[in-house]
Amino acid sequence: MSIRVRFAPSPTGYLHIGGARTALFNWLYARHTGGTFVLRIEDTDAARNTQEAVDVILNGMRWLGLDWDEGPLTGDAKGPSKGDFGPYFQSQRGEIYKRRVQELKDKGFAYDHEGAVKFRMTREPVVIPDIVVGDVTRELTDREQADPDFVIVRSDGQPVFHFVNVVDDLEMNITHVLRGEDHLSNTAKHVAMFKAFGVEPPKYGHIPLILNIDGSKMSKRDKGASLNTYQEEGFVPEAVVNYLSLLGWSPKNNREKLTMEELIQLFDVPGILRSNAKFDFEKLHWLDGEYIREMSPERFRQLGLEALQRAKFPLEKFPADYVNAALDTCRGKVKNFAELGPYAGFYFADEVTVAPEAIAKDFTPENLPRLKKLRDAFARLEEFKATNLEQALKAIAAESGVKAGVLVHPTRMACTGNTAGPSLYHLLEVLGKETVLNRFDAALAQV
RNA sequence: GACCCUAUGGUCUAGCGGUUAGGACACCUCCCUUUCACGGAGGUAGCCCGGGUUCGAUUCCCGGUAGGGUCGCCA
């Protein structure tokens, strides 16, 4: 029988990074096995569900490259979808739930209670077969012993999560459920309901949670908890996917960088770990840098352009060739596109600021004559090209009896306002003679 | 309070009775170099604790401790 898995997020207005990882694992499992990946929107809590909130999820999934075989085509609950098991919005499945509630009542597993409907839960310990952690025998807690039954339909007529989740998995023929470990305890309820329906439950696999770096639970407000921040801060989606795949799963061969194709090939349930993982921003940052360095020049230009536009640089004031040339000097230098603004901002500024401390350090009285000579040598250059610039600077350094660095640092500071940046000679070429001389003069005037 | 899961350097992890405990991020040193980044060489740092089982435990069992999760007419 073909494997059918699903990702069933609730439209809360953002896509939690842990939810994205859950989606990824399910997607990888479907692709690895040649199965079907279903996207179902759990919007039973009508009050806080909006089309915008659903779009956030769809956009996030698409950004990561996780396509679904069945599910909504738009964020509109009443809109089009694909697949034979719809509707894929729970808000549209009311009739199915009504029928299933009646079935439970008829079988004696459900009863009315003060306007709500409750499920008659077993009083015995429930064995939860879990393909990740093994069989888990779940005993009733003290509170559950006092009242084991739980509400499946609210008094306002709305069915609750535990019930619709089970009904949908059943109706949609879901064979495997990979979900966060926070659902493990509740799975006893789900298993009991499947039994009440007389149906074998799907194979459950509870994957470990993603925690903050300090070990606390990563909740909505924590930095980096929303996938959206990675989209907005210019991360490469492949890097995010790669990093996420390494949290709670291991290829077990010391590989760190894996393409989507490799992930699909290697991903399997036995590789899923059992312990929670802390989100290490530094490692994601490293991976992002790897992907940025290896991407094509064209894509680097494109993503770099978008990042600079987000950062509100007045790019329209510059020729496209200039912007591209500027971007090209940054390739292999930044590990994240959000760094591009501070790194390359001097290309698009009217003037740069050179800190007084930098003037004091680099533009010393003894260095001043050399810098003036350099400035004039630059001014005399017919062709303002990197090779010529390098030649000129090294010639001045040689005849002055100093290392190139003595001239390089002040020049960089004068032209960019920074101590680090793209290759000096190349950035000077891009900046052009006029700008370089202007900035040189402005810095010299500060001495 | 009860129930459940987990436990290898700071972080992600390999390991599945005998290993100099391996890799990656981060950090430190050096080399390369026009800065940074990259690359190269090296380094600091780890099996939570206590009992068993065994000739031998990081590895198996039990207990403790710690972390996380769950017990909603939220999902």
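So that the names make sense, note that chain A is the first sequence line, chain B the second, and so on, each numbered from 1.
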Given atom [atom1] of [X] and atom [atom2] of [N], what is their separation to the nearest angstrom?
X        : N     : atom1 : atom2 : answer
A:His190 : B:A75 : NE2   : P     : 11 Å
A:Asn276 : B:U6  : CG    : P     : 10 Å
A:Asp149 : B:C71 : CG    : P     : 16 Å
A:Arg123 : B:C71 : CZ    : P     : 18 Å
A:Ile152 : B:A75 : CD1   : P     : 13 Å
A:Leu424 : B:A37 : CG    : P     : 16 Å
A:Phe161 : B:C74 : CZ    : P     : 13 Å

Would you indicate what [X] reaches in the nucleic acid, counting non-hydrogen atoms under 4.0 angstrom: base, sugar-phosphate, or nothing?
X        : value
A:Tyr343 : base
A:Ser275 : sugar-phosphate
A:Thr411 : nothing
A:His183 : base
A:Gly248 : sugar-phosphate
A:Pro208 : nothing
A:Arg138 : sugar-phosphate
A:Gly405 : nothing
A:Ala116 : base
A:Lys257 : nothing
A:Glu114 : base
A:Leu246 : sugar-phosphate

Could you give the distance separating [M] and [N] at their [atom1] atoms, to the nearest angstrom?
N     : M     : atom1 : answer
B:U20 : B:G1  : C1'   : 49 Å
B:C3  : B:U11 : C1'   : 30 Å
B:A14 : B:G9  : C1'   : 14 Å
B:A26 : B:U58 : C1'   : 24 Å
B:G18 : B:U59 : C1'   : 11 Å
B:A57 : B:G23 : P     : 26 Å
B:G10 : B:G67 : C1'   : 16 Å
B:G39 : B:A75 : P     : 49 Å

Counting only side-chain nitrogens and oxygens, does [X] get under 4.0 Å of the OP1 or OP2 atom of [N]?
X        : N     : result
A:Lys333 : B:C36 : no
A:Asn186 : B:C71 : yes
A:Arg274 : B:G69 : no
A:Lys118 : B:C73 : no

Should [N] form a Watson-Crick or G-U wobble pair with both distances under 3.5 Å, which nucleotide is its partner?
N     : answer
B:A21 : none
B:U54 : none
B:C74 : none
B:A41 : B:U29
B:A7  : B:U65

Which nucleotide, [options], lies nearest any side-chain atom of [X]?
X        : options             : answer
A:Val160 : B:G15, B:C73, B:U34 : B:C73
A:His426 : B:U34, B:C5, B:G69  : B:U34
A:Lys217 : B:C12, B:U34, B:G68 : B:G68
A:His162 : B:G1, B:C4, B:A75   : B:A75
A:Leu247 : B:U34, B:C12, B:A75 : B:C12
A:His409 : B:G69, B:U35, B:C38 : B:U35
A:Leu209 : B:G69, B:U34, B:C36 : B:G69
A:Leu273 : B:C5, B:U13, B:C4   : B:U13

query: Is the distance between the ring centroids of A:His183 and A:His206 less than 6.0 Å?
result: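 Between A:His206 and A:His183, which both carry aromatic rings, the centre distance is not below 6.0 Å.
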
task: Go along nucleotides 20-32 of chain B 5' to 3' and tag each nucleotide: B for a protein heavy atom under 4.0 Å from its base, S when only backbone or sugar atoms are that close, - otherwise.
output: --BBBBS------

message: Less than 6.0 angstrom from the centroid, inside 45 degrees of the normal: does A:Arg40 satisfy that with respect to the ring of A:Phe89?
response: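 Cation-pi check for A:Arg40 and A:Phe89: fails.
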
Partner residues of A:Asp214 under the side chain to side chain donor-acceptor pair (under 3.5 Å) criterion, sequence neighbours left out: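 Checked A:Asp214 against side chain to side chain donor-acceptor pair (under 3.5 Å); matches are A:Ser216.
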
message: Could you walk me through whether A:Asp112 and A:Lys118 satisfy the salt bridge (Lys or Arg N to Asp or Glu O under 4.0 Å) test, starting with their C-alpha distance in whole Å, then the side-chain angles of each, then the deciding distance to 0.1 Å, before giving a yes or no?
response: CA-CA 6 Å; A:Asp112 291 310; A:Lys118 287 184 117 183; over 6 Å; no

Side chain [X], main chain [Y], donor-acceptor under 3.5 Å:
X        : Y        : result
A:Asn367 : A:Asp362 : yes
A:Arg138 : A:Ser185 : yes
A:Arg120 : A:Gly108 : yes
A:Thr329 : A:Ala326 : yes

query: Partners of A:Tyr243 by ring-ring contact (aromatic ring centres under 6.0 Å, His included), sequence neighbours excluded?
result: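 Once residues adjacent in sequence are excluded, the partners of A:Tyr243 under the ring-ring contact (aromatic ring centres under 6.0 Å, His included) criterion are A:Phe279.
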
task: Take the angle between the ring planes of A:Tyr14 and A:His16 and call it parallel below 30°, perpendicular above 60°, tilted in between.
output: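 Perpendicular: the ring planes of A:Tyr14 and A:His16 meet at over 60°.
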
Report yes or no: is there a donor-acceptor pair, N or O only, under 3.5 Å between the side chain of [X] and the base of [N]?
X        : N     : answer
A:Ser155 : B:C73 : yes
A:Lys403 : B:U34 : no
A:Ser250 : B:U13 : no

message: Against A:Tyr343, only a single residue in A:Asn418, A:Thr416, A:Val334 fulfils side-chain contact (heavy atoms from CB on, under 4.5 Å); can you say which?
response: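 Answer to the side-chain contact (heavy atoms from CB on, under 4.5 Å) test with A:Tyr343 among A:Asn418, A:Thr416, A:Val334: A:Val334.
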
- prompt: Just wondering, more than 12 heavy atoms not from A:Lys252 lying within 6.0 Å of its NZ?
  reply: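 Yes, because the 6.0 Å sphere around NZ of A:Lys252 holds more than 12 heavy atoms from other groups.
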
